[in-house]
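The structure appears right after this line, and notes come after that.
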Amino acid sequence: MKNKKYYITTPIYYPSGKFHVGHCYCTVVADTIARYKRLRGYDVFFLTGTDEHGQKIEQKAKDAGKTPKEYVDDIVKDTKNLWSILGITYDKYLRTTDTEHVKCVQKIFERLYNQDDIYLSSYEGKYCTPCESFWTESQLIDGKCPDCGRDVGVVKEESYFFRLSKYQDKLLQYYKKNPDFLEPISRQNELINNFFDKGLNDICVSRTSIDWGIKVTFDPKHTVYVWIDALVNYISALGYLTDDKNKMEKFWPADLHLVGKEIFRFHAMIWPALLMALELPMPKKIFGHGWLIVDGSKISKSLGNYKDPRVYINETSVDSLRYYLLHEVTLGQDGNFSEELFLEKSNSDLSNDLGNLVSRVTAMAEKYNQGIIKKSNVYQDYDADLINSASTLVTEIEDLMDNLKISDSLTSIWKLISKANKYIDLSMPWVLAKEEKKERLNTVLYNLIETIRIVAVCLQAYMIETPEKIFNQIGISKDITTWDSAKEFGLLKDGTIVEKGQNLFPRVEIKKENKIVEEVEKNNQKEVVIEEKGYITIDDLAKVQLKVGQIIEVERIEKSDKLYKLLVDLKTEKRVIVSGIVEYYMPEELIGKKIVVVTNLKPVKLRGILSEGMLLAAGDKDVVKLLTFDDANKIENGTNIH
RNA sequence: CGCGGGGUAGAGCAGUUGGCAGCUCGUCGGGCUCAUAACCCGAAGGUCACAAGUUCGAGUCUUGUCCCCGCAACCA
């Protein structure tokens with residue numbers, strides 16, 4: 001019998017910088033679904049990749065003194081390393097610079113042009129010459145460029161357009177007939193209310209102002225714009241329009257396109273329209289997931305409020321990070337990520353509940369029975385609860401996972417873990433050992449190890465190291481690690497030998513307070529300092545605006561050991577600045593002090609309070625001294641410093 | 001009146017078709033000693049943002065108000 005197939009994709013990410021935990025989130029979710037489907041016997045094709053063309057990449061590469069290709073090569077190398085650390089089991093990593101993809105895009109472009117779905121016209125828009133960017137009317141701020149604040153001019157550029165408007169009605173009909181097509185529903189509503197009600201415009205699918213991209217074969221001064229270049233990856237990866245039709249026939253249509261909410265629109269509108277134009281079947285589902293919010297703000301490059309995800313993994317383990325992303329975030333909604341919460345979860349759910357369970361059970365097996373697990377059947381009433389829950393766990397997970405309730409499915413695993421811990425308290429194996437109730441002890445240990453086996457089998461969808469470690473510790477053979485084997489309680493063989501191993505999840509000391517905040521500040525400083533050479537120019541220095549400020553109010557921030565909320569007088573205005581100097585100054589020492597303030601630092605929310613600047617201070621871990629002035633009285637608040 | 005999401009215990013969240021307000025962490029008290037200062041039991045803690053309405057009954061439905069966040073044609 002032919003296996004059922006499952007085709008799942010992540011977006012192809014834009015490699016304009018290092019990837020952060022948000023990218024990991026989406027990819028880990030997709031990986032988990034892929035693993036789950038494989039466990040259930042599906043033939044899975046899991047696609048991810050990078051969208052490597054466009055002006056921004058061209059610019060970034062130039063800044064770094066590399067060619068665009070060299071630039072993206074480096075990032076891709078790093079990304080693949082990250083994915084390998086996270087245990088991402090993609091079947092294909094597509095790069096839009098791959099020859100196959102380029103050819104596919106060109107052929108599609110030709111075809112759509114030939115059938116008049118693409119036509120030549122001109123794109124007219126407000127253009128900021130120094131920024132080399134087009135802006136829409138609504139993006140402009142007071143009629144000026146939102147990036148640099150300079151005047152914009154009207155510029156006409158020859159462009160090819162895709163007749164999106166032609167597909168408007170067909171799309172709407174499709175949405176209505178297939179209510180499961182776009183999820184969550186709220187995003188579908190947003191899409192329809194925002195765009196369809198106003199009517200769809202044809203979209204510009206080529207640019208003459210961008211060089212780094214795929215050339216239009218019949219008009220090479222044009223470069224294919226992102227819509228077609230990027231979206232088409234989902235079929236170019238399967239070899240669409242090549243001689244090898246196997247994958248396309250087997251896997252298309254995709255079962256799930258997992259995308260971020262910011263690109264949901266394009267996937268919900270443009271992509272289906274393109275597929276209609278190409279007369280290909282629609283994907284089964286497009287799901288727009290939410291974002292990770294870090295300490296109240298979204299992850300953003302300009303805030304610099306993120307770290308390399310490997311930092312978190314090094315502190316704990318891959319499985320801790322995967323667990324957090326999968327369990328703490330409801331798919332479809334925004335989720336919270338903070339280092340403190342992450343470590344807390346890792347300690348409580350992983351170290352205390354799961355890790356400790358395995359540890360105490362294997363320890364008892366060794367201590368009381370030389371690690372030998374024997375089948376025996378001296379039961380008590382309360383055994384039934386554990387055994388029932390364990391034997392129905394897999395079915396429960398299947399129900400939830402099939403509805404993409406990933407977080408809930410983990411919760412049901414943890415409910416069983418908790419039951420196992422409770423079962424130990426009820427059965428008190430240490431008493432049984434002391435009183436030499438051998439047969440009952442054997443039953444209890446058997447039930448516990450068997451429960452742990454079932455938990456570990458299920459965890460294979462979510463975690464990459466832990467299930468294997470558990471299997472080794474409880475000494476079981478491969479045939480009872482399969483998905484279906486967990487549907488039956490009692491497959492564990494008589495005489496199985498258990499060996500207590502290393503702790504699965506060592507507890508991590510949570511250093512109270514603001515590691516993360518400090519990190520944010522460091523990152524902000526980095527923005528100003530030019531990376532490699534160590535020198536900055538006078539212009540760079542001029543970017544930093546320094547003024548004399550006087551501290552007029554000092555307040556401790558609740559629940560923070562290190563932070564003061566300061567009100568600083570800059571003569572023309574008073575600003576709130578949050579500063580981590582509690583350890584070094586008493587409030588009364590600070591009041592009235594004249595200090596150096598960075599006034600054009602991007603505001604950051606710290607502990608929920610908007611900090612609109614930064615104080616300059618000298619020091620290291622032990623000593624911190626604020627920069628002050630010799631003759632403070634003689635210098636006025638608000639004076640510029642150069 | 002551009003669109004969408006949110007406001008539920010100290011924190012982070014869940015609440016399906018309206019039917020006694022829940023989960024995890026933290027706090028407090030107790031138990032246990034197999035285990036990673038872990039595990040188990042119990043308790044405290046909420047005007048479900050506010051106001052009005054529908055209803056026998058509203059966190060849930062309707063209307064209005066306030067506040068937070070995101071999107072507004074390439075930030076996962």
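Reckoned from all heavy atoms, side chains included, excluding hydrogens, waters and symmetry mates. Residue numbering restarts at 1 for every chain, and letters A, B, ... go by the order of the sequence lines.
Counting any heavy atom pair closer than 4.0 Å across all strands shown, A/Asp353 reaches sugar-phosphate atoms only and no base atom. Looking at heavy-atom distances under 4.0 Å, A/Gly260 makes contact with sugar-phosphate atoms alone, never a base. Here A/Ile263 lies in heavy-atom contact (under 4.0 Å) with sugar-phosphate atoms only. A/Tyr13 comes within contact range of the sugar-phosphate backbone alone, with a heavy-atom separation under 4.0 Å but no base atom that close. Contact annotation for A/Asn421: backbone-only contact, meaning every heavy-atom pair under 4.0 Å involves sugar-phosphate atoms and none involves a base. At the heavy-atom level, A/Trp414 lies nowhere under 4.0 Å from the strands shown.
If you take atom C1' in B/U17 and the same atom in B/C28, they sit 40 Å apart, rounded to whole Å. Taking atom C1' in both B/U55 and B/C67, the straight-line distance is 29 Å, to the nearest Å. Comparing the same atom, P, in B/G30 and in B/C68 gives a spacing of 45 Å after rounding to whole Å. Using atom C1' as the reference point in both B/G15 and B/G7, the two lie 15 Å apart (nearest Å). Rounded to the nearest Å, the gap between the C1' atom of B/C71 and that of B/A38 is 45 Å. A distance of about 13 Å separates the C1' atoms of B/G57 and B/C61, rounded to the whole Å. Between the P atoms of B/U60 and B/G70, the separation comes to 26 Å (whole Å). Taking atom P in both B/A43 and B/U65, the straight-line distance is 43 Å, to the nearest Å.
Residue-environment remark: CD (A/Glu499) stays at or below the threshold of 12 foreign heavy atoms within 6.0 Å. Other residues, nucleotides and ligands contribute only 12 or fewer heavy atoms inside 6.0 Å of the NZ atom of A/Lys437. Within 6.0 Å of NZ on A/Lys500 lie more than 12 heavy atoms contributed by other residues, nucleotides or ligands. Applying the 6.0 Å contact sphere to NZ of A/Lys166 captures more than 12 heavy atoms from other residues, nucleotides or ligands.
Side chain to side chain, A/Tyr13 and A/Thr27 meet the donor-acceptor criterion of an N or O pair below 3.5 Å. Side-chain N/O atoms of A/Thr411 and A/His327 include a donor and acceptor closer than 3.5 Å. Side-chain contact check for A/Ser409 and A/Tyr462: at least one donor-acceptor pair (N or O, by modelled atom type) lies under 3.5 Å. Between A/Thr50 and A/Glu52, the side chains place a donor N or O and an acceptor N or O closer than 3.5 Å (distance only, hydrogens not considered).
Contacts of A/Tyr71 classified as side-chain hydrogen bond (donor to acceptor under 3.5 Å, both in side chains), with partners at least two apart in sequence or in another chain: none. Here A/Ser317 pairs with A/Ser320 under the side-chain hydrogen bond (donor to acceptor under 3.5 Å, both in side chains) rule; sequence neighbours left out.
The interatomic distance linking A/Ile228 (CD1) with B/A73 (C1') rounds to 15 Å, in whole Å. Distance A/Ile286 CD1 to B/A76 P: 18 Å, rounded to the nearest Å. The CG atom of A/Leu350 sits 21 Å away from the P atom of B/A35 (whole-angstrom rounding). Taking atom CG of residue A/Leu341 and atom P of nucleotide B/C23, one finds them 19 Å apart after rounding to whole Å. Regarding A/Leu354, its CG atom lies at a distance of 13 Å from the C1' atom of B/A38, rounded to whole Å. Note: CZ (A/Phe342) to C1' (B/U24) measures 17 Å, nearest angstrom. The CZ-C1' distance, from A/Phe264 to B/G5, rounds to 14 Å in whole Å. Between the NZ atom of A/Lys367 and the C1' atom of B/A35 there is a distance of 9 Å, given to the nearest Å.
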Problem - Dot-bracket encoding of pairs in RNA chain B, which uses [ ] for pseudoknotted crossings and | for another strand, Watson-Crick or G-U under 3.5 angstrom - result: .((((((..((((.....[..)))).(((((.......))))).....(((((..]....))))))))))).....
Practice task
Could you go through the salt bridge (Lys or Arg N to Asp or Glu O under 4.0 Å) check for A/Arg360 and A/Asp425 one step at a time?
Solution key: CA-CA 12 Å; A/Arg360 66 200 295 215; A/Asp425 265 47; 3.7 Å; yes
Problem - Verdict with reasoning, A/Asn442 to A/Asn369, per side chain to side chain donor-acceptor pair (under 3.5 Å) - result: CA-CA 8 Å; A/Asn442 280 335; A/Asn369 227 7; 2.8 Å; yes
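No donor-acceptor contact under 3.5 Å links the side chain of A/Asn356 to the base of B/A38.
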Exercise for the section: For each nucleotide in nucleotides 26-33 of chain B, reading 5' to 3', give B when a protein heavy atom comes within less than 4.0 Å of its base, S when such contact involves only the sugar-phosphate, and - otherwise. Expected result: -----BSS
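Of the two residues near RNA chain B, A/Ala363 and A/Lys345, the one whose nearest nucleotide lies more 5' is A/Lys345. Between A/Leu164 and A/Lys419, the one whose closest nucleotide on RNA chain B sits nearer the 5' end is A/Lys419.
Close to B/A72, at under 4.0 Å from its OP1 or OP2, lies a side-chain N or O of A/Arg265. Taking only side-chain nitrogens and oxygens, A/Arg360 never comes nearer than 4.0 Å to OP1 or OP2 of B/A38.
Considering only the side chain of A/Leu504, B/U36 comes nearest among B/U36, B/C75, B/A35. Ranking B/A76, B/U36, B/C34 by closeness to the A/His289 side chain, first place goes to B/A76.
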Close N or O pairs between protein and nucleotides 41-44 of chain B (under 3.5 Å):
from: B/C41; atom 1: OP1; to: A/Lys422; atom 2: NZ; distance (Å): 3.0

Output one line per pair: protein atom, nucleotide atom from nucleotides 13-17 of chain B, and distance, for all N/O pairs under 3.5 Å.
from: B/A14; atom 1: OP1; to: A/Thr330; atom 2: OG1; distance (Å): 3.4
from: B/A14; atom 1: OP1; to: A/Gln333; atom 2: OE1; distance (Å): 2.9

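Within the cation-pi definition used here (under 6.0 Å to the ring centroid, within 45° of the axis), A/Lys56 does not qualify as a partner of A/Tyr14.
Between the side chain of A/Thr223 and the backbone N or O of A/Ile210, at least one donor-acceptor pair lies under 3.5 Å.
Residues A/Tyr382 and A/Tyr423 bring their aromatic ring centres within 6.0 Å. If you look at A/Phe109 and A/Tyr160, their ring centroids are closer than 6.0 Å.
Among all heavy-atom pairs drawn from A/Thr466 and A/Phe505, the shortest one is OG1-CZ, 3.2 Å.
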